[in-house]
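Single-structure report; data block below.
Because the structure is a prediction, the values reported are computed rather than measured. Numbering starts at 1 and runs along the sequence shown.
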Amino acid sequence: MIVKDEEEVLARCLNCVQSFADEIIIADTGSSDSTIKIARTFTDKVYPFEWCDDFSAARNFSFSKAGCELVMWLDADDVISDADAQKIAALKEEMCGYDVAFLLYASAFDGERPTFTYYRERIFRRSLGLKWQGAVHEVIEPRGRLLYSDATVMHKKVKPSPPMRNLHIYQKLISQGKKLCGREKFYYGRELFYNGMYAECAAVLENFLSGEGWSENKAEACITLYYAYSALGEDARAEACLLRSFSVCSPKSQACCILGERLLKKGDLNAAIYWYKTAASLPQNIKSGAFVNADYSGYIPFIQLCVLYDRLGDYKRAYRYNELAGSIKPDDKSYLYNKRYLLTKLK
């Protein structure tokens, strides 16, 4: 782990891993709170690392201190349930025939239900000598025999990251003359978007789309461009980017839901129904490594189809789709309101 000023969450994380970790290694990048003191109650392997605006350098340093053959990384605000900790413990035996294990990463939640998940490279055979790459949004390019597990790591933040930190790192790299690769352009464009720099975001992501890059990232870039151009008041370009997402990758449920919403606002109810049904029917290939927001393939299209069929006077279908939404979010206020309303219509 690499940490800095994580006194609020570090013990929560380390308590989760004690059942399966043979050693705990902490690289501290300059904490001024009680992070180091807390870490030392769990391990004597706490090492200072001088921060250099490079997350890969910090992670590679932490990995260099590992003594075990299998190495796993976590962030301080990650949480692992007891059931998933048992799965990870079992992986130590299962990994005998594998080199890299991918685990599910959940980073957004509706209550305790994960809504935003994706697979991340999580456990590595140290003898492979794999290295982290990228100053921001660092990654290891896996090789060898790959294992996918449904064990889940939950990313549960209690405070936001410094808003401009990642953006400043990218800008520093550019000022030093670094030429960003496709993946770095993608994430740089997203950082610009998150910080409200929509015109700059559009320029960077358009450049990314014109070059090489992973198709999943290109589809995500198109959707980000949709929101950026919408914020700039350029509706035609926004819609063009949304439609472009279908040409760079297999259709995404989020793009279909956005199209459905646009058509609903225009009053084209049947066309909106088509896109929401398409969103609900698309397969979610989570093993691709792409970001997966489950709401766009389930709750959102179902609740919107309820609204659409209600407007068409087809209350039976509206009720059926509302029940599908309720099967996902049984305590949702919209679902419960719709249920009461539609029961009066069906009497």
Side-chain angles (χ1 to χ4, degrees), residues 1-4 6 9-29 35-36 38-49 54-107 114 116-134 136-157 286-287 289 291:
M1 298 174 65
I2 58 174
V3 300
K4 181 181 179 182
E6 299 287 5
V9 293
L10 184 57
R12 182 186 69 176
C13 177
L14 294 180
N15 277 320
C16 295
V17 306
Q18 289 188 104
S19 64
F20 63 79
D22 299 296
E23 61 178 358
I24 297 173
I25 296 164
I26 307 291
D28 184 87
T29 64
T35 292
I36 293 175
I38 294 169
R40 285 178 175 155
T41 65
F42 291 89
T43 179
D44 60 355
K45 296 180 179 180
V46 181
Y47 303 96
F49 178 82
D54 190 327
F55 281 92
S56 284
R59 290 212 188 273
N60 286 328
F61 171 80
S62 70
F63 271 36
S64 74
K65 301 298 182 181
C68 296
E69 171 63 0
L70 296 178
V71 186
M72 176 178 177
W73 68 276
L74 288 171
D75 285 334
D77 43 14
D78 289 338
V79 180
I80 301 171
S81 70
D82 290 343
D84 285 312
Q86 292 176 15
K87 292 179 182 179
I88 293 170
L91 281 177
K92 289 193 284 186
E93 297 298 327
E94 294 179 45
M95 283 288 289
C96 63
Y98 297 91
D99 299 303
V100 179
F102 284 75
L103 273 59
L104 285 170
Y105 205 20
S107 59
F116 193 83
T117 57
Y118 50 101
Y119 268 105
R120 277 225 63 175
E121 66 285 16
R122 183 65 65 176
I123 302 173
F124 312 90
R125 192 166 294 284
R126 186 165 63 94
S127 57
L128 285 177
L130 299 173
K131 297 292 184 183
W132 290 93
Q133 302 173 32
V136 188
H137 298 294
E138 65 280 13
V139 65
I140 286 181
E141 293 186 10
R143 65 173 185 266
R145 301 157 296 176
L146 309 182
L147 170 69
Y148 286 84
S149 168
D150 64 356
T152 302
V153 176
M154 297 178 287
H155 194 54
K156 295 232 173 179
K157 283 182 170 290
I286 195 168
K287 287 187 179 181
F291 302 136

Min side-chain heavy-atom separation Met72-Phe20 under 4.5 Å:
yes

When you compare the side chain of Leu74 with that of Val17, does any pair of heavy atoms fall below 4.5 Å?
yes

pair Lys45-Ile24: side-chain heavy atoms closer than 4.5 Å
no

Under 3.5 Å, is there a donor-acceptor pair between the side chain of Arg143 and the main chain of Leu130?
no

Students often mix this up, so state it plainly: with edges at 30° and 60°, are the rings of Tyr148 and Phe102 parallel, tilted or perpendicular?
parallel

Is there a salt bridge (charged side-chain N to carboxylate O under 4.0 Å, His left out) between Asp99 and Arg125 once you walk through the steps?
CA-CA 5 Å; Asp99 299 303; Arg125 192 166 294 284; 3.7 Å; yes

So, the side chain of Arg145 versus the backbone of Val100: is there a donor-acceptor pair under 3.5 Å, distance only?
no

Heavy-atom distance under 4.5 Å between the side chains of Ile123 and Val71, does that happen here?
no

Compare all side-chain heavy atoms of Tyr105 with those of Tyr119 and state whether any distance is below 4.5 angstrom.
no

Has Trp73 got a side-chain atom pairing as donor or acceptor with Glu121's backbone, closer than 3.5 angstrom?
yes

Verify, without hydrogens or angle tests, whether Arg12 (side chain) and Val79 (backbone) share a donor-acceptor contact under 3.5 angstrom.
no

Report yes if some heavy atom in the side chain of Leu10 is under 4.5 Å from a heavy atom in the side chain of Met1; otherwise report no.
yes

Start with the C-alpha distance between Asp78 and Met154, add both sets of side-chain angles, then the distance that settles side-chain contact (heavy atoms from CB on, under 4.5 Å), and finish with yes or no.
CA-CA 5 Å; Asp78 289 338; Met154 297 178 287; over 6 Å; no

Regarding Thr43 and Glu23, is there a side-chain donor-to-acceptor distance under 3.5 Å anywhere?
no

Other residues, nucleotides and ligands only: do more than 12 of their heavy atoms fall within 6.0 Å of CZ on Phe116?
yes

Let me confirm one number: the CD1-CD1 distance from Ile25 to Ile2, rounded to the nearest 0.5 Å.
13.5 Å

Do the non-hydrogen side-chain atoms of His155 and Asp75 ever get within less than 4.5 Å of each other?
yes

